[in-house]
Chemist: 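One structure coming up, written as structure tokens, with questions to follow.
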Amino acid sequence: MNTSDELTVRQEKLKRLKELGVEPYGRKFIRTHPVKQLIEKFDTLASSENEVSAAGRIMLIRGHGKASFADLQDETGRIQIYVRQDTVGEKGYQIYKLVDMGDFLGVRGTPFETKTGEKSILVKELTVLSKSLKPLPEKWHGLKDVELKYRRRYLDLIANEKAREVFDKRMRIISAIRGFLNKRGYREVETPILQPQAGGASGDPFKTRADALGMDLYLRIAPELYLKRLLVGGWEKIYEINKSFRNEGISPRHSPEFTMLEVYAAYADYEDMMRLTEELVCEAAQTVLGTVRISYDGKEIDLSPPWKRITFGDAMKEKFDIDIEKEGIKSLKEKLESAGVKLKDKKLSRNQLIRLLSELLTGELPTFITDYPIEFSPLAKRKQDKPEIVERFELFMCGCELANAYSELNDPQEQRERFREQVASREERSVDEDFVTALEYGMPPAAGLGIGIDRLVMMMTDCQSIRDVILFPQLKGQAAREK
RNA sequence: GCCCCCAUAGCUCAGUUGGAAGAGCACCUGACUCUUAAUCAGGGUGUCCCAGGUUCGAGCCCUGGUGGGGGUACCA
């Protein structure tokens, strides 16, 4: 071997392993313990002098001539292995010397403690399980390049413990949410991702084509209208943890493909959903983080309920000194414009309001903003005493919209009218008649809640970008950096 | 869509006024049977993102592009 080109060197080592009669890509390997357990039960295992076996990826090698230390990492942790020529034999050591960082190795041996007290395995036999042909990221700076982290998440997971923790927490948060809802008698359902008509939210859908049906389909932007059909069908407490898709701008808070929780409860209203949200988020935090006091972006946030509630009207009064109930949304627009807010096409988008409101609420999180003007909420029920206001809330935390809920509109005639008003302003949309038909059979009064799971995970893992909590975020031109 | 920033070795990064491409880790050679980012001696392995341009000379300046990040717009 006279080259220092790492790829060539590793190919050469692969060849030499084969020449030694070693299959470099092994098979089933029986482990007595995952690494974490070996460490936990170490004293018992070491005193019984029983042999143990473990498997994992070699992360560090410290050679000493005819002996060597290495760190073996599996899903649960790392343990040091000690390989000596006089223990594994000359051929065994020859094989070991062809092992690189990144290779998967199975080892059998006895647990022992080194002079310095490190729990280790004295290897008696080693098995090459997979030869790695490419060098891993740098051993203590890890992988920093964000593009590589996203494109090759596996490298991020191998090299960065923080990444492993974030995704571990993500999965446990989702599992805690399921547990919370199942315990309360909610049933988990699945509704179509491919929909003939994308409804239940605003936002542009992705379009696709079903050849067998000879029709265009859309990837759902929300599961809402199908979940409500199930309320019509008689189920009273349902939820779906769903991927939804929006063909819109990508940002640290927006992914074209994102995970959402939608929950529906018959005979309930949006106030019930506020309590449910508080309980659900706190239980997830308590289960996964062991506390309801979280830290995000340098700020300490206490999630203990009850959370602050402020009506949209009061928030507007506070911020812009306008009584929206008396003066209406038109004069709100005028006031905002004169306050320097730019309105595109003279329209006030819900999004602009969200931003204005989240600015207003900085430092007072988490907060429910409640009772929105009907203009922004075509699927929500009016307040009994205020027909221009709907029973709706949105949850904000750290300037981020985390949840959205309302008492569901279940009057089919009003729903058809409100759809028509909406459709009038967006020519590409049409009224979902099939959904209105369902309402005509009768949907019980109900409340619905949507929670952005990715964003919730961001809050609980102190991540500033949604891409950091999605294993494989969408990126452009995937072939561009391939070699 | 628009605006700003970034791209140098496998990885993390430095690179002065436009004048011979660098460091640490990784890797290779040698030594070493209790190391912890092992150590010691030696070795630089490169499409400076791509394509043009300016210049005697470009990693550096200019134009266009690609990819990434941030902001903004859109997101009932």
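What's counted below: heavy atoms across the whole structure, side chains too, no hydrogens, waters or symmetry copies. Protein chains get the first letters and strands the later ones, always in sequence-line order, with residue 1 at the start of each.
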Chemist: Quick one: look up who B:rU45 pairs with, Watson-Crick or G-U, both distances under 3.5 Å, and put none if it's unpaired.
Modeler: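 For B:rU45, the partner nucleotide comes out as B:rA26, under the 3.5 Å rule.
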Chemist: Can A:E75 and A:R57 be counted as an ion pair, charged N to O under 4.0 angstrom?
Modeler: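 Result for this pair is no, no salt bridge flagged.
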Chemist: With rounding to whole Å, what would you report as the distance between B:rG59 and B:rC6 at their C1' atoms?
Modeler: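 The answer is 15 Å between these two C1' atoms.
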Chemist: Starting from C1' on B:rU35, measure out to CE on A:M101 and report it in whole angstrom.
Modeler: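 After rounding, the gap between these two atoms is 14 Å.
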Chemist: How do A:A201 and A:V146 order along RNA chain B: which one's closest nucleotide is nearer the 5' end?
Modeler: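 Mapping each residue to its closest nucleotide by heavy atoms, the 5'-most match is A:V146.
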Chemist: What's A:Q85 touching, base or sugar-phosphate or nothing? Going by heavy atoms closer than 4.0 Å.
Modeler: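 Nothing, no heavy atom under 4.0 Å.
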Chemist: Quick one: is the NZ or CZ of A:R229 closer than 6.0 Å to the six-membered ring centre of A:Y226, and within 45° of its axis?
Modeler: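 So A:R229 does make the cation-pi contact.
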Chemist: Report the distance from atom CG of A:L148 to atom P of B:rC11, rounded to the nearest whole Å.
Modeler: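 In whole Å, B:rC11 P and A:L148 CG are 6 Å from each other.
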Chemist: Can a salt bridge be assigned to the pair A:R418 and A:E421 using a cut-off of 4.0 Å between side-chain N and carboxylate O?
Modeler: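 Here A:R418 does not pair with A:E421 in a salt bridge, since their nearest N and O are not under 4.0 Å apart.
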Chemist: When the C1' atoms of B:rA58 and B:rG52 are considered, how many whole Å apart are they?
Modeler: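 Here B:rA58 and B:rG52 have their C1' atoms 13 Å from each other.
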Chemist: Roughly how many Å apart are B:rA23 and B:rG42, using the P atom of each and rounding to a whole number?
Modeler: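 Their P atoms lie roughly 14 Å apart.
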Chemist: Report which part of the nucleic acid A:T114 touches: base, sugar-phosphate, or nothing (heavy-atom distance under 4.0 Å, all strands).
Modeler: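 Touches a base.
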Chemist: Nearest nucleotide by nearest heavy atom, which residue falls closer to the 5' end of RNA chain B, A:R84 or A:E118?
Modeler: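 Closest to the 5' end, via its nearest nucleotide, is A:R84.
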Chemist: So what does A:Y82 touch, heavy atoms closer than 4.0 Å: a base, only the sugar-phosphate, or nothing?
Modeler: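 Counting heavy atoms under 4.0 Å across all strands, the contact made by A:Y82 includes a base.
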Chemist: Calculate the interatomic distance between A:R151 atom CZ and B:rA7 atom P; express it in whole Å.
Modeler: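 From A:R151 CZ to B:rA7 P: 17 Å.
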Chemist: Does the Lys NZ or Arg CZ of A:R392 fall within the cation-pi geometry relative to A:Y372 - under 6.0 Å from the ring centre and within 45° of the axis?
Modeler: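 Yes, a cation-pi geometry.
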Chemist: At 4.0 Å (heavy atoms only), tell me whether A:F112 reaches a base, stays on the sugar-phosphate, or touches nothing.
Modeler: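 Base, at least one base atom sits under 4.0 Å.
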Chemist: I want to verify a distance call: between B:rG69, B:rC25, B:rC27, whose nearest atom is closest to the A:R467 side chain?
Modeler: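 Between B:rG69, B:rC25, B:rC27, the one nearest the side chain of A:R467 would be B:rG69.
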Chemist: Angle class for the A:Y82/A:F69 ring planes (parallel below 30°, perpendicular above 60°, tilted otherwise)?
Modeler: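 Taking A:F69 first and then A:Y82, their aromatic rings lie parallel (interplane angle under 30°).
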Chemist: NA contact type, A:N247, heavy-atom cut-off 4.0 Å: base, sugar-phosphate, or nothing?
Modeler: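 Nothing, no nucleic acid heavy atom in range.
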Chemist: Select one nucleotide: of B:rG67, B:rG70, B:rA38, the one nearest the side-chain heavy atoms of A:L60.
Modeler: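 Shortest atom-to-atom distance from the side chain points to B:rA38.
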Chemist: When both hydrogen-bonding distances must be under 3.5 Å and the geometry is Watson-Crick or G-U wobble, what is B:rG19 paired with, if anything?
Modeler: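 When the pairing criteria are applied, B:rC56 turns out to be the nucleotide that pairs with B:rG19.
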Chemist: Would the base of B:rU45 count as contacting A:D5 through its side chain, where contact means a donor and an acceptor less than 3.5 Å apart?
Modeler: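 Answer is no: no donor-acceptor pair is held.
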Chemist: For residues A:E51 and A:K124, determine if any side-chain heavy atom of one lies less than 4.5 Å from a side-chain heavy atom of the other.
Modeler: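 They are in side-chain contact.
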Chemist: Hey, would you say the A:F368 and A:F393 ring centroids sit under 6.0 Å apart?
Modeler: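 They qualify: ring centres under 6.0 Å apart.
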Chemist: Just the rounded figure in Å: distance from C1' of B:rU33 to NZ of A:K124.
Modeler: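 Rounded to whole Å, this separation is 17 Å.
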Chemist: Does the side chain of A:R62 get closer than 4.0 angstrom to OP1 or OP2 of B:rU35 through an N or O atom?
Modeler: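 A:R62 to B:rU35 OP1/OP2: no side-chain N or O under 4.0 Å.
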Chemist: From the set B:rC11, B:rG70, B:rC74, return the single nucleotide nearest to any side-chain atom of A:P252.
Modeler: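 It is B:rG70.
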Chemist: Distance check, P atoms only: B:rC61 and B:rU17, in whole angstrom units.
Modeler: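 Rounded to whole Å, the distance is 11 Å.
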Chemist: Report the distance from atom NE2 of A:H64 to atom C1' of B:rA31, rounded to the nearest whole Å.
Modeler: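 Taking atom C1' of B:rA31 as the reference, NE2 of A:H64 is at 12 Å.
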Chemist: Hey, is the side chain of A:K66 poking within less than 4.0 Å of OP1 or OP2 on B:rU35, counting only N and O atoms?
Modeler: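 Answer is no, no contact under 4.0 Å.
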Chemist: Measure from CZ on A:R253 to P on B:rG70 and round the result to the nearest Å.
Modeler: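 Those two atoms, CZ and P, are 11 Å apart.
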Chemist: Let's test this: given Watson-Crick or G-U wobble pairing with both distances under 3.5 Å, identify the partner of B:rG1.
Modeler: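 Pairing partner, where one exists within any strand: B:rU72.
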Chemist: Return the value, rounded to whole Å, for the distance between atom CG of A:L475 and atom P of B:rA7.
Modeler: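 One finds 19 Å between P of B:rA7 and CG of A:L475, rounded.
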Chemist: A:K144 near the nucleic acid: base, sugar-phosphate alone, or nothing, with a heavy-atom cut-off under 4.0 Å?
Modeler: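 The residue A:K144 makes sugar-phosphate contact but no base contact.
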Chemist: Is any side-chain nitrogen or oxygen of A:K134 closer than 4.0 Å to OP1 or OP2 of B:rG10?
Modeler: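 Checking A:K134 against B:rG10: no side-chain N or O falls below 4.0 Å of OP1 or OP2.
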Chemist: Name the nucleic acid region contacted by A:K115, choosing base, sugar-phosphate or nothing; use a 4.0 angstrom heavy-atom cut-off, strictly under.
Modeler: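 If one applies the 4.0 Å heavy-atom cut-off, A:K115 turns out to touch a base.
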Chemist: Using a 4.0 Å heavy-atom cut-off, does A:I221 contact any base of the nucleic acid, only the sugar-phosphate backbone, or nothing at all?
Modeler: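 A:I221: no heavy atom of the nucleic acid under 4.0 Å.
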Chemist: Has A:K13 got a side-chain N or O lying under 4.0 Å from the OP1 or OP2 atom of B:rC28?
Modeler: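 Answer is yes, contact under 4.0 Å.
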Chemist: Let me know the distance between NZ of A:K139 and P of B:rC27, rounded to the nearest Å.
Modeler: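 One finds 7 Å between P of B:rC27 and NZ of A:K139, rounded.
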Chemist: With both distances under 3.5 Å as the test, what is the Watson-Crick or G-U wobble partner of B:rG67?
Modeler: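 B:rC6 - that is the nucleotide pairing with B:rG67, both distances being under 3.5 Å.
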